[in-house]
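Here's the structure we're looking at; comments come further down.
All values below come from the heavy atoms of this structure, side chains included, with hydrogens, waters and symmetry mates left out. The structure displayed is predicted, hence computed values, not measured ones.
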Amino acid sequence: MPHRYAYRVLFGDCDPAGIVYYPRFFAWFDKAFHDWLLAHGGHRALCVRLNAVGFGLTAADARFHSPAREGDLLTISLAIAEWNARQLSLDYQVHCGDRLIASGNEQRRLFLHNGERIIAGDMLRLKELMDAG
């Protein structure tokens, strides 16, 4: 079941042509991800439990299907595409009503301290925490 996050487009989200400026979609993808984590205590709490630095973004992509404008009520949907020890792959869709505005995907990894370095850890540790409730 996808996680959904709603957002009303503001004037400041738009470019001079009056349509949403494309980097805003990446910010909304990130907000949807962090909103999803809130149901499990949030990013900071999960990191504390895993002794982790964070769930870092390693790749992101977006496609733009239809313009969004000031006042549009958007629904940003997050769905898990793949979850393995190496990474969590997420798919996003942004709709205004029935109209598809944008779609995208992200890959995230679990980052841990290793002395002076930060290394990638087993992403399934996060899944185990979230599945446990």
(message) Quick test of your reading: applying side chain to side chain donor-acceptor pair (under 3.5 Å), list the pairs with at least one residue in residues 94-104, sequence neighbours left out, ordered by first then second residue.
(response) His65-Ser103, Ser66-Arg99
(request) I would like to know whether Ile76 and Arg4 meet side-chain contact (heavy atoms from CB on, under 4.5 Å); could you show each step before the answer? (result) CA-CA 6 Å; Ile76 300 96; Arg4 289 185 173 78; over 6 Å; no
(request) Taking all non-hydrogen atoms of both residues into account, name the closest pair between Ile101 and Pro67 and its distance. (result) CD1-O, 3.7 Å
(request) Hey, could you give me each pair passing side chain to side chain donor-acceptor pair (under 3.5 Å) that has a residue in residues 118-131? Not counting sequence neighbours. (result) Lys127-Asp131
(request) For Leu126 and Leu50, work out which heavy atoms get closest and say how close. (result) CA-CD1, 4.0 Å
(message) Name the residue from Gln107, Gln87, Arg108, Arg86 that meets the side-chain contact (heavy atoms from CB on, under 4.5 Å) definition with Met123.
(response) Arg108
(request) Answer whether the closest heavy-atom distance between the side chains of Val9 and Arg69 falls below 4.5 Å. (result) no
(request) Output every pair passing side chain to side chain donor-acceptor pair (under 3.5 Å) with a member in residues 71-82, not counting sequence neighbours, ordered by first then second residue. (result) Glu82-Asn84
(request) May I have the step-by-step check of side-chain contact (heavy atoms from CB on, under 4.5 Å) for Val94 and Phe25, ending in yes or no? (result) CA-CA 8 Å; Val94 180; Phe25 290 96; 4.1 Å; yes
(request) Following the transitive rule for hydrophobic clusters with a side-chain heavy-atom cut-off under 4.5 Å over Ile, Leu, Val, Met, Phe, Trp and Tyr, establish whether Leu78 and Leu57 coincide in one cluster. (result) no
(request) Determine, stepwise, if the pair Tyr5 / Leu74 fulfils side-chain contact (heavy atoms from CB on, under 4.5 Å). (result) CA-CA 8 Å; Tyr5 177 82; Leu74 304 180; over 6 Å; no
(request) Locate the shortest heavy-atom distance separating Phe29 from Ala62; write the atom from each residue and the value. (result) CE1-CB, 4.1 Å
(request) List in chain and number order the residues that pass side-chain hydrogen bond (donor to acceptor under 3.5 Å, both in side chains) with Arg63, two or more places apart in sequence or in another chain; answer none if no residue qualifies. (result) Asp61
(message) Can a donor-acceptor pair be found, under 3.5 Å and without considering hydrogens, that links the side chain of Arg8 to the backbone of Gly71?
(response) yes
(message) With a 4.5 Å cut-off on side-chain heavy atoms, are Leu112 and Asn51 touching?
(response) no
(request) Show your working on side-chain contact (heavy atoms from CB on, under 4.5 Å) between Leu90 and Ile80 and close with a plain yes or no. (result) CA-CA 5 Å; Leu90 303 165; Ile80 298 168; 4.1 Å; yes
Which pairs would a plain distance check flag for residues 11-23, meaning a side-chain donor or acceptor within less than 3.5 Å of a matching protein atom at least two apart in sequence or in another chain?
unit_1, atom_1, unit_2, atom_2, d
Asp13, OD1, Tyr7, OH, 3.4
Asp13, OD1, Arg24, NE, 2.8
Asp13, OD1, Arg24, NH2, 2.9
Asp13, OD2, Tyr7, OH, 2.8
Asp13, OD2, Leu10, N, 2.7
Asp15, OD1, Ala17, N, 2.9
Asp15, OD1, Gly18, N, 3.2
Asp15, OD1, Ile19, N, 3.3

Donor-acceptor pairs under 3.5 Å, side chain of residues 33-47 to any protein atom, not counting sequence neighbours: which ones?
unit_1, atom_1, unit_2, atom_2, d
His34, NE2, Asp30, OD1, 3.4
Asp35, OD2, His3, NE2, 2.6
His43, NE2, Phe55, N, 3.2

(request) Report yes if some heavy atom in the side chain of Trp83 is under 4.5 Å from a heavy atom in the side chain of Met130; otherwise report no. (result) yes
(message) Assigning hydrophobic clusters by single linkage (Ile, Leu, Val, Met, Phe, Trp, Tyr; side-chain heavy-atom cutoff under 4.5 Å), is Ile119 placed with Leu88?
(response) yes
